[in-house]
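Scroll down for the structure; my scribbles are underneath it.
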Amino acid sequence: MTMKTTIIPEDQKIEIKEEIKRKPTIGVYALTSCYGCQLKIATVSKIIEIADSVDIESFYMLSSASSMHKKVDIAFVEGSVSTKKDLEELLEIRKNSKTLVGVGACALQGGVQSWNHGDKNYKDLFENVYGKSKIEISEAIEAKPIEEYVKVDFRLPGCPPEEEEIIYFISTFLFGSWPEEKDYPVCQECRFAGNICLLIEKNEPCLGSITTAGCNARCISYNVPCIGCRGPVPNDVAWFDSLAKVFVEKGFTEEYIRERMKIFGSHHPKLEELLTKVFGGEKK
Ligand code: SF4
Ligand code: SF4
Ligand code: SF4
């Protein structure tokens, strides 16, 4: 039996070799934000080793040579779109990146700056804060998550994201793979951490049951109830029925839980569906 071999032309061989050898290029960008996510990435303990394995083309916090016009393999974008300039920059970043990762609550859920989404029109909100003066703040627009404008390939949640998740994301890209996003709630990690349940045992309005895991129940471990910074957990996971009973039993109304969820999750497309599923019409 003869084996069929494919002969690769010499010039292509070099191209393939260079493609394999080439380090992935990375950009880290910020729209309207507190810069906390960038700071978190910059201070990851293994950042020096990571920086050795990638070419960081842009990182505004660290280098004035950064530019959103440079082509990159992976763009990490923090911040919400809150000005027309943000939007222009985001479109440019998307155009120049093969893979775009939304980083943090501002980018993924609009952040606390979009808390009032759906409650009041933007003009009224703006006037409440800045009065009726004619000032224009960088042509401000209603704060929205980046996914409202561009395709987001991967979501790295948190306010800011956890160090080990940042390392996990970058490592998977380096291995030519991709990160898996969590679809289970904070409660699961909270149980593993051995915390007492603040909801059941202390009657505190902890949102862990309906918030996406990944922080190892950070706040609860410090005796502070979860306020949902990682965004609502995707639907169709277990827990809803039992937790609905607990929220209702503890006297937390659907409206109250909605208000807490909206601090970080007002733009979640399935927020209402999730609340209906949790409360099942048992409004108080
Ligand atoms: S998600 Fe949190 S830490 Fe990140 S930029 Fe927004 S407010 Fe800052
Ligand atoms: S409700 Fe809060 S305190 Fe209770 S298990 Fe879930 S995350 Fe932990
Ligand atoms: S416990 Fe809740 S609020 Fe605290 S970091 Fe985790 S998801 Fe965010």
Side-chain angles (χ1 to χ4, degrees), residues 28-44 60-61 76-82 86 101-115 143-147 152 155-166 181-234 237-250 252 257 260-268 278:
V28 182
Y29 311 91
L31 307 174
T32 297
S33 64
C34 78
Y35 272 42
C37 291
Q38 275 195 85
L39 183 63
K40 188 76 189 179
I41 295 173
T43 54
V44 160
Y60 281 81
M61 183 176 265
F76 290 87
V77 181
E78 75 162 20
S80 63
V81 176
S82 307
D86 282 341
V101 182
V103 184
C106 295
L108 297 174
Q109 292 119 238
V112 289
Q113 56 270 41
S114 68
W115 184 348
K144 288 186 181 172
I146 60 175
E147 220 161 0
V152 172
R155 303 162 63 85
L156 176 51
C159 183
E162 298 292 321
E163 173 163 333
E164 53 189 58
E165 271 201 309
I166 295 170
E181 295 170 24
K182 298 192 171 64
D183 63 355
Y184 51 88
V186 173
C187 284
Q188 197 162 321
E189 295 175 338
C190 188
R191 302 288 77 207
F192 282 129
N195 299 320
I196 62 160
C197 180
L198 298 180
L199 174 65
I200 293 175
E201 296 186 45
K202 291 196 169 179
N203 300 331
E204 301 217 36
C206 182
L207 297 181
S209 61
I210 42 181
T211 298
T212 310
C215 61
N216 290 320
R218 175 177 288 283
C219 300
I220 304 103
S221 301
Y222 289 99
N223 218 17
V224 176
C226 174
I227 203 167
C229 82
R230 293 177 61 86
V233 74
V237 292
W239 305 75
F240 287 151
D241 294 347
S242 56
L243 254 300
K245 286 195 186 99
V246 176
F247 280 140
V248 174
E249 275 165 22
K250 299 289 181 186
F252 298 123
I257 296 297
R260 272 180 81 77
M261 289 299 286
K262 281 183 73 175
I263 296 172
F264 283 103
S266 66
H267 280 274
H268 193 271
V278 169

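We're numbering straight along the sequence, starting at 1. In listed order, ligands and their atoms are each counted from 1. A quick note: this is a predicted structure, and the numbers were derived from the prediction, not measured.
Here is the list of ligand 3 atoms found below 4.0 Å of a heavy atom in C215: 1 (S), 5 (S), 6 (Fe), 7 (S). Atoms of ligand 1 lying under 4.0 Å from any heavy atom of G158, numbered from 1 in the order shown and given with element: 1 (S). Remark: ligand 1 atoms within the under-4.0 Å shell around heavy atoms of P160 are 3 (S). For ligand 2, the atoms closer than 4.0 angstrom to any heavy atom of G208 are 7 (S). Contact atoms of ligand 3 toward R230: 7 (S) (distance under 4.0 Å to a heavy atom of the residue). Close contacts between ligand 1 and E78 involve ligand atoms 5 (S) [criterion: under 4.0 Å to a heavy atom]. Near I220, the atoms of ligand 3 lying under 4.0 angstrom from a non-hydrogen atom of the residue are 1 (S). Here is the list of ligand 3 atoms found below 4.0 Å of a heavy atom in T211: 7 (S). Residue C197 approaches ligand 2 through these ligand atoms, each under 4.0 Å from one of its heavy atoms: 1 (S), 3 (S), 4 (Fe), 5 (S). Close approach to C187 involves these atoms of ligand 2, each under 4.0 Å from a residue heavy atom: 1 (S), 5 (S), 6 (Fe), 7 (S). Every atom of ligand 2 with a heavy atom of R191 under 4.0 Å away is listed here by number and element: 5 (S). Ligand-side atoms of ligand 2 in range of C190: 3 (S), 5 (S), 7 (S), 8 (Fe), range being under 4.0 angstrom from any heavy atom.
The single protein non-hydrogen atom nearest to atom 7 (S) of ligand 1 is C106 SG, 3.5 Å, given as residue, atom name and distance. From the protein, the heavy atom lying nearest to atom 1 (S) of ligand 1 is A105 N, 3.2 Å. Counting only heavy atoms of the protein, atom 2 (Fe) of ligand 3 lies nearest to C226 SG, 2.4 Å. Atom 5 (S) of ligand 1 has its closest protein heavy atom at S33 CB, 3.4 Å.
Of the candidates C219, P161, C159, P157, C229 forms a side chain to side chain contact (heavy atoms under 4.5 Å, CB included) with just one, namely C159. Paired with L207 under the rule side chain to side chain contact (heavy atoms under 4.5 Å, CB included), one option of L199, I257, V186, V233 passes, and it is I257.
Using a 4.5 Å heavy-atom cutoff, the side chains of K144 and S80 are not in contact.
Residue C229 places every heavy atom at 4.0 Å or more from ligand 1. Residue contacts with ligand 2 leave out N195, since none of its heavy atoms falls under 4.0 Å from the ligand.
Here the CD1-NZ distance, from I200 to K250, works out to 7.0 Å after rounding to the nearest 0.5 Å. Atom CD of E181 sits about 9.5 Å away from atom OG1 of T212, to the nearest 0.5 Å. Here the straight-line distance linking atom NZ of K182 with atom CD of E189 works out to 6.5 Å at 0.5 Å rounding.
The aromatic rings of Y60 and Y29 sit tilted, their planes meeting at an angle between 30° and 60°.
Nearest approach of S82 to Q113, heavy atoms of both residues: OG-CG, 4.3 Å.
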Exercise for review: Could you give me the CA-CA distance, side-chain angles and deciding distance for M61 and L39, then say whether side chain to side chain contact (heavy atoms under 4.5 Å, CB included) is met?
Suggested key: CA-CA 8 Å; M61 183 176 265; L39 183 63; 3.9 Å; yes
Practice item. Kindly determine whether E162 and R218 satisfy salt bridge (Lys or Arg N to Asp or Glu O under 4.0 Å), including the steps that lead there. Key: CA-CA 10 Å; E162 298 292 321; R218 175 177 288 283; 2.6 Å; yes
Practice item. Please test K40 against E165 for salt bridge (Lys or Arg N to Asp or Glu O under 4.0 Å), starting from the C-alpha separation and ending with a verdict. Key: CA-CA 11 Å; K40 188 76 189 179; E165 271 201 309; over 6 Å; no
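When the heavy-atom distances from atom 4 (Fe) of ligand 3 to G231, C219, S221, P185 are ranked, the shortest goes to C219. The option with the heavy atom closest to atom 3 (S) of ligand 1, from among G104, G111, C34, is C34.
Using a distance-only test at 3.5 Å, with no hydrogens or angles considered, a donor-acceptor pair links the side chain of Q109 to the main chain of F264.
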